[in-house]
Structure formats: C-alpha cells, structure tokens
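Accompanying notes for the structure given below.
Note that the numbering runs from 1 along the sequence shown for the chain. Values in this document were obtained by computation on a predicted structure and should not be read as measured data.
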Amino acid sequence: MNQPFGTGPALGLPPAVDGELRLENAAIDRAFRWLLRDGRVQPTGHELLRGLGVELTAAGFPLMRALLAKPTLHPQIASIAYRWSRAAPQVEAFTREHDIWQSDQYLRSPMALIYAGEPMIRRRLFGPGLRLDFPILEDLLTEGGTDYAIFGLRRADGRPLAALSIATDAPGGFTDEQFNGFQSLLPLLSLIVEAIETRLMARSLLEIYLGADAGRRVMGGLIRRGDSVTIAAAIWQCDLRDFTAMSNQLPRDEVLAILNDYFDAVTRPVLAHGGEILKFIGDAVLAIFPMKDDLDRDSKCITALEAAEEALEAMRDVNELRASAGKAPISIGIGLHAGSVSYGNIGSQTRLDFTVIGPAVNLAARITGLCRPLNQPLLASKMFASPCGSKLVPLGHYPMHGFDSPQEVYGLPEA
C-alpha cells in the first residue's frame, strides 16, 4: 500500500491512519489533538492542566499527578502553580509572594534547577539507584509514586517560561514509549502556555496600571484617542496635605515610604467596596464608583462614603504607627461628588490616558481642595450628600474656581 506523501518511518514522522497522522501512543496522540484543537483557547493554566490530565488518563496514560508552575509579572505575586491529581482531578491553584525565590523550600526544589536552565530532571523512585535528593521525592514515595520528572518549558526566544512536572505510581514507572511520547508534547505545550501567559500578563498589567474596568475596556478594543462613553458615577478624590513641603525636606526613600503607606491605606477600602482606582496624580488619588442606573445612584454614594470613612480610619492606624516611631502624623482630604463623566481615552497621538473628564470631575477636585482651608478631612457636594442622610451635614456655600455660583458643601458631623 502506498503511504501518503510526507509520512512514514522514512521521514521520522508518525504513521498515517485513515489519512491522518497518528502518534504511536494512543494517550499521547489524544492529548496532542486536544492541545491542537482546544489548548490555546483555555483561559488559564488551571483549565489547560485539567484538560491535559483528563485527556491523558482517559486513554490510559498512568499519570498520578502533574504540576504546572510559572513566574508572573505582578507586584505582589511572584509565581502561580496549578496541581492536578488523579485522586482529586479538580485542579488546585497556589500563588507565592516574591520572597519565595529566597526560601529554603524553593532553593531545595528541582524547580530551582529548571528555572536556572536545566532542561529536564528525572528520578525513578525504586531500585538500587533510588535518589531522594529533593523533598518532593520523599512525599511522592510516601504516596506510592514510582517515577517523577520535571521539564523546563521555554519561550520562543529560549528564556525560561514555566516548569511542568509529572509523576506516576505505575509499577516500574513510565515506560520509554510513554516518557518519550510525553516529551514530544513539550514544544506544543510551550507555545500554548506562552500564549496563555501573554494574554493574562497583558490583562494583569492593564488592570494594575489602569484599573480593572478600564483594563477590560482597553482589552476589549476601546483604544483609539477620543473613544469614550458617558457614565454616571460617584467621584472619589483624595490628596495628601503638605506633600510638597515633605518632598522638599525629607529623604527620597522616606517620601516614597509615606506615599506607599498612604496609597495603600486609602485605596484598599475603595477596591473593597467595588470602586475603580483610575490614577495617582502626584499625591492625589482619583477613583469612581460607576452607577448602573438612577436606582443605583443612592447606593453608590453611600458605598463611596463608607469607603471614605474606612480610608480615614486606615490613616489613623498609619499615624499611630508613625507616632510610635517618633514621626509626625500625615493628613488627607477627601472630596466626593456624583454626576455624569466622560470615561475613555484622551491624550496625544503617541501617549494615551484612560480616565474621566467633565464638569463633575472638576467640581470633585475643587471640593477636595477646600478640605484644607475648612480643616475638614472629608467634604461632599449636595448632590452626593443627599442620599447619605444624617451621615453628612451642611457646612455652607463656597465659591469655587470655574463655577459661576457658590457650591454647597457637606462634611462629617462633629464627634
């Protein structure tokens, strides 16, 4: 029988069955086809590893457990790992902070060698040549493991991308056919993991630098200058008093520490209550609480006020720590308003900013600036204060630059 052109042992390719190339090991062939068809559309490594485990074991590959781990480009999370096991096929996810790279747990692991450039490490967990030179091997041996291997996945440019480990409890470990077949999947797995990671990294960085909602909108195609939508929102602005004097008088590292403590204290409540941090402008924070409709207006104003009160409480905690260290307290002013804003891209042809603009934003800024002369930690417009009842009290009308008539402002009741 004539073989189809371009197939067959003479070319070192798998044989053709029914006109299609087939890998010799049925489980590897099934996993390979799943990766080609469905692998790249998996949203994260979680779904990728689960699918791979299911496809391999469904066709008889003796996989006891598998782990996929990769570093991340994230300010808090250094790495993320996904673990699949035959006994508990629901994949577990683990994140590690940046101090993991200096930990004994990591430095004694085979993963450290893989990330340093080792392409593969294999340990058979039986026989006279048994080597338990990594803590993970003792765990696997206790679980009945007979064979373990970890592989380095590489980016297209050769840099380390991820580590993928497999283990079996089959008597005698992986056969040569199984082990070599699994290795044949690695180039395709590397391409898929890199594609997934690139997509997730882009989304993560956009959310970190633009905010969750703004990042999603940019990923969704809202990228041209002038692209914007009109939304209703509670506008939340905060600044640090006397920052200019501090930055002129204090060492750079101390100024940065103050800013980081301040930003952390005031932004955590905003995010916890569903607000969107749009930007840091020097020592100022601009955030919004988008409103779905008129019925949502009152609840978003109340929510934004709760976030502001929690931010003030967090700053009191910061100042207690500063006092214990013999440092001067720092104070802030929060301005609150509600109204319609243009939400989208502004900027030059080469540099864009995703933000909110409009008269409502301007008024929020003017109200924030009034906190210091009125010696108030928080001020709000009448439009914002009206749903908040007795939580805010009127403080009078004040002229504001750019607005024709004085604006009524509200503040917190005196304790």
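In this structure, CZ in Arg155 is found 12.5 Å from CG in Leu191, a value given to the nearest 0.5 Å. A distance of 9.5 Å separates CD1 of Ile231 from CE of Met291, quoted to the nearest 0.5 Å. Of the inter-residue distances, the one linking Phe134 atom CZ with Leu140 atom CG reads 12.0 Å to the nearest 0.5 angstrom. One finds the CG atom of Leu52 at 5.5 Å from the CZ atom of Phe182 (value rounded to the nearest 0.5 Å). Between Met120 atom CE and Ser165 atom OG the span is 13.0 Å, to the nearest 0.5 Å. If you take CD on Gln249 and CD on Glu254, they are separated by 11.0 Å, rounding to the nearest 0.5 Å.
The closest side-chain donor-acceptor pair between Thr303 and Glu306, if any, does not fall under 3.5 angstrom. Between the side chains of Ser299 and Asp296, at least one donor-acceptor pair of N or O atoms lies under 3.5 Å.
By the 4.5 Å heavy-atom criterion applied to side chains, Leu312 and Leu412 are counted as neighbours. Side-chain contact between Leu48 and Tyr82 is absent, with no heavy atoms from C-beta onward closer than 4.5 Å. Looking at Leu161 and Glu197, their side chains come closer than 4.5 Å, going by heavy atoms from C-beta outward.
With a 6.0 Å cutoff to the six-membered ring centre and a 45° limit on the axis angle, Arg122 counts as a cation-pi contact of Phe179.
For the pair Glu313 and Arg316, the salt-bridge criterion is met [side-chain N within less than 4.0 Å of a carboxylate O]. Classification of Arg322 and Asp261 as a salt-bridged pair fails, no side-chain N sitting under 4.0 Å from a carboxylate O. Between Asp169 and Arg86 there is a salt bridge, with a side-chain nitrogen of the basic residue lying less than 4.0 Å from a carboxylate oxygen of the acidic one.
Remark: Lys279 NZ is packed, more than 12 non-hydrogen atoms of other residues, nucleotides or ligands lying under 6.0 Å away.
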